[in-house]
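What follows is a single structure, written as structure tokens, with notes after it.
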Amino acid sequence: MTVHNAEIARQFNLLADLLEIEDANPFRVRAYRNAARIVEGMAHSVAEMVERGEDLSEIYGIGEDLARKIEELVKTGELSALQDEEKRVPVQLTELMRIDQLGPRRVKQLYRELGIKTLADLSRAAKAGKVQELEGFGEKTEAKILAGLEQLTSSGRRTKLSEATEIAESLADYLRGLEGISKVTVAGSYRRRKETVGDLDLLAVTEDGAQVMNRFVDYPEVEEVVSKGTTRSTVRLRTGLQVDLRLVPGRSYGAALCYFTGSKAHNVEIRTRAAQRGLKLNEYGLFKDNEYVAGRTEKSVYEQVGLAYIEPELRENTGEVEAAEAGQLPELVTMDDIRGDLHAHTNATDGHATLREMARAAADRGYEYLAITDHSKRVTMARGLDEKRLRKQLESIDALNDELRDITLLKGCEVDILEDGQLDLPDSVLEELDLTVCSVHYHRELSRKKQTERIIRAMDDPCFTILGHPTGRLINEREPYEVDMEALMEEAAERGCHMELNAQPSRFDLIDAHRRMARDMGVKVAICTDAHSTDNLDYMRFGVEQARRGWLTADDIINTRRLPALRKLLRRA
DNA sequence: GCCGTTTTCGGCCCGACTGTTTTCAGTCG
């Protein structure tokens, strides 16, 4: 049995919750949460590191004690510190903390004084008016708790980046249209381009806070005003998404942008650096003895603490601060670097547009090439192509390439990787293609070992070019299948195979933790939209953003190459 | 519980808003 990084993180976070309710040293709590975040973000399996006898305490943020606890968890599947804590504090109480307005202190008080353990207990007590009688609580708090209970059961899940983008852009446009406001930016995890966002943090410059806040809460999509002040307000939109608007004067804009972009761990790191230099950093600026030093731009803030500017996508405290100090930040890939798309479908299978429409749409986006990669026959739901139909499509592509001057269509296929690792079409036809995107669609349930062997076997086929959506996860819907990604990377590097970073907003796969791994292991990445319509080609933007989160440069991405150079990379040695 | 140009003890980021408070605790980001 393998204990996954996510499981280690879950248990540490749970322990942190329980310790908080117990009123433990807040810095100790932070250490657990910090460790959970570190482990979750690691590309390598911590369990395997333990098996190899590596010293986990060498990881920054994990000391002797936590290293021992991880070891215990990996070897026994259990964490005795957590079990001890569960004897002292009912574990259900951590559920209560998910409710807005309820933190560790109030949860503890509810438990001690009213015996409330579960959401159901809480609902009953609040409806009976028992909660407002407690010291420190009141009528309004009780009402908010009831509203929070309602909210928790109705939504609860994080919003996908693509959905958040539509909502955020309309709202930002609305605010930009208001009088007396300038520079509206959506900060937070949205600006870091995390795959999902919990809420939206908007930041704007204004001299007339009261007026702007009045208009903000008037935004037609606002369902509820959670709080309202002259510098900060919070609303909940009809979609359930919570939005914070923070107003600052112009000279504080950069400092506030740093602060509200986060991540929290990154901020702590930057503020600590500031403190070491005798400076104080808050959302209003960088100060020396209460004297304003910098803050109008983010760049000025980073400069004053001795760092190069750090792109928002990197601000996760996973080494970017050290890299900025050493002048070794990567030059991240941009949309301008992208010269084509290598994974797209047509109406020959489950796409909506014709070959010609897809070609036209790609040319309109300034691309040099577009690979047509319809499904292979095993994917019957999509009416996958057999050998005969694929050959027919290849003829159409030849004809279209003869006709079109401004774009080249590449011949491809999204080939299903069968259960035994064979490719779904014979090499005799695959050899005629420029590339294949080989993907797992069925038998996701195989063991980690078998799944890994299956995919490596597929890579043995000389016609295998790119591994499509390498983990098969769907955000908020489906977990990744079990696979040893490190082994896959190693084999891919050896064979000259590439990894897809699928830009579909539900996929973003390679997932976050594996992108830097690809780079570190010398595997090139193809950012592909997996477009099923002409509009879908615009997902490229999201794919590039996700690549940036993985520290990837133009050189790490194959579809930044001109066509001749790309062709060389597509050919297996 | 972690960490070290404050170096094995004693720090650990900082401020806004709300509600129940007579001066502040709790929560959130």
Side-chain angles (χ1 to χ4, degrees), chain A residues 12 15-16 19-21 23-38 56-70 81 96-110 131-145 148 187-192 197-203 209 213 225-235 242-248 252 255-256 258-287 301 305-306 317 325:
Chain A
F12 277 177
L15 182 50
L19 286 170
E20 238 182 344
I21 294 170
D23 204 13
N25 177 349
F27 298 105
R28 186 171 163 225
V29 174
R30 183 204 276 178
Y32 279 107
R33 292 206 198 284
N34 197 28
R37 188 186 54 79
I38 292 166
L56 297 177
S57 70
E58 280 178 17
I59 300 166
Y60 186 84
I62 294 180
E64 296 289 332
D65 181 85
L66 286 175
R68 253 199 319 274
K69 289 195 165 90
I70 292 172
L96 300 183
M97 288 213 289
R98 287 171 52 211
I99 294 168
D100 226 23
Q101 303 301 317
L102 283 191
R105 315 300 280 258
R106 285 178 179 157
V107 165
K108 186 178 179 183
Q109 194 183 355
L110 287 166
V131 172
Q132 58 172 296
E133 292 166 9
L134 297 180
E135 183 162 0
F137 287 74
E139 225 174 296
K140 287 194 173 177
T141 305
E142 187 177 75
K144 280 195 170 182
I145 288 171
S189 54
Y190 178 89
R191 184 158 178 252
R192 302 199 311 278
V197 301
D199 60 12
L200 293 177
D201 301 292
L202 277 80
L203 185 68
M213 283 308 188
V225 179
V226 180
S227 73
K228 183 166 166 240
T230 53
T231 64
R232 176 177 204 154
S233 297
T234 302
V235 300
Q242 187 164 301
V243 183
D244 287 359
L245 175 61
R246 183 70 194 233
L247 303 176
V248 293
S252 301
C258 280
Y259 181 61
F260 289 104
T261 298
S263 64
K264 199 169 182 170
H266 176 87
N267 286 349
V268 169
E269 190 72 21
I270 299 297
R271 287 195 175 185
T272 304
R273 277 186 75 87
Q276 283 164 357
R277 285 169 169 67
L279 299 164
K280 192 179 76 166
L281 178 62
N282 59 28
E283 56 263 55
Y284 296 108
L286 195 61
F287 300 87
V301 173
V305 296
N317 198 26
E325 181 167 33

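Model, not experiment: these values are computed from the prediction. Chain letters run A, B, ... following the sequence lines, proteins first and then strands; every chain starts at 1.
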To the nearest Å, give me how far apart [atom1] ([X]) and [atom2] ([N]) are.
X	N	atom1	atom2	result
Tyr32(A)	dG1(B)	OH	C1'	7 Å
Leu19(A)	dG1(B)	CG	P	8 Å
Arg273(A)	dG4(B)	CZ	C1'	15 Å
Ile21(A)	dG26(B)	CD1	C1'	14 Å
Gln276(A)	dC3(B)	CD	P	14 Å
Arg33(A)	dC2(B)	CZ	P	16 Å
Met97(A)	dG26(B)	CE	P	14 Å

Between [M] and [N] - [atom1] atom distance, rounded Å:
N	M	atom1	answer
dT6(B)	dG11(B)	C1'	8 Å
dC2(B)	dT8(B)	C1'	12 Å
dA16(B)	dT21(B)	P	24 Å
dC13(B)	dG19(B)	P	29 Å
dG26(B)	dT20(B)	P	14 Å
dC12(B)	dT18(B)	P	29 Å
dC17(B)	dG10(B)	P	37 Å
dC9(B)	dG15(B)	C1'	29 Å

Identify whether any heavy atom of [X] sits under 4.0 Å from a base atom; if not, whether one sits that close to sugar-phosphate; answer base, sugar-phosphate or nothing.
X	result
Ile38(A)	nothing
Lys69(A)	sugar-phosphate
Pro26(A)	nothing

Stepwise side chain to side chain contact (heavy atoms under 4.5 Å, CB included) check, Tyr259(A) with Leu281(A): CA-CA 9 Å; Tyr259(A) 181 61; Leu281(A) 178 62; over 6 Å; no
- line: By the Watson-Crick or G-U definition, both distances under 3.5 Å, dA16(B) is matched with dT27(B)
- prompt: At their closest point, which heavy atom of Met213(A) faces which heavy atom of Arg232(A), and how far apart are they?
  reply: CE-N, 3.5 Å
task: To the nearest 0.5 angstrom, please state how far the CG atom of Leu286(A) sits from the OG atom of Ser252(A).
output: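 If we round to the nearest 0.5 Å, Leu286(A):CG and Ser252(A):OG are 11.5 Å apart.
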- prompt: What is the distance from atom NZ of Lys144(A) to atom CZ of Phe137(A), rounded to the nearest 0.5 Å?
  reply: 13.0 Å
- prompt: Using a cut-off of 4.0 Å between protein heavy atoms and nucleotide atoms, how would you tag nucleotides 11-21 of chain B 5' to 3' with B, S and -?
  reply: -BBBBSSSSS-
In residues 25-33 of chain A, what donor-acceptor pairs under 3.5 Å come from side-chain atoms, sequence neighbours left out?
from: Asn25(A); atom 1: OD1; to: Phe27(A); atom 2: N; distance (Å): 2.9
from: Tyr32(A); atom 1: OH; to: Lys69(A); atom 2: NZ; distance (Å): 3.2
from: Arg33(A); atom 1: NH1; to: Asp17(A); atom 2: OD1; distance (Å): 3.2
from: Arg33(A); atom 1: NH2; to: Asp17(A); atom 2: OD1; distance (Å): 3.0
from: Arg33(A); atom 1: NH2; to: Glu20(A); atom 2: OE1; distance (Å): 2.7

task: Ignoring backbone atoms, establish whether Gln242(A) has a side-chain N or O less than 4.0 Å from OP1 or OP2 of dG29(B).
output: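 Looking at the OP1 and OP2 atoms of dG29(B), one of them is under 4.0 Å from a side-chain N or O of Gln242(A).
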task: May I ask you to decide if Arg192(A)'s main-chain N or O and Ser189(A)'s side chain share a donor-acceptor pair within less than 3.5 Å?
output: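 Checking the backbone N and O of Arg192(A) against the side chain of Ser189(A), no donor-acceptor pair under 3.5 Å is found.
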- prompt: For Ile145(A) and Leu102(A), what are the C-alpha separation, side-chain angles and deciding distance, and is it a side chain to side chain contact (heavy atoms under 4.5 Å, CB included)?
  reply: CA-CA 8 Å; Ile145(A) 288 171; Leu102(A) 283 191; 3.8 Å; yes
message: Any carboxylate oxygen within less than 4.0 angstrom of a Lys/Arg side-chain nitrogen, looking at Asp201(A) and Arg246(A)?
response: no
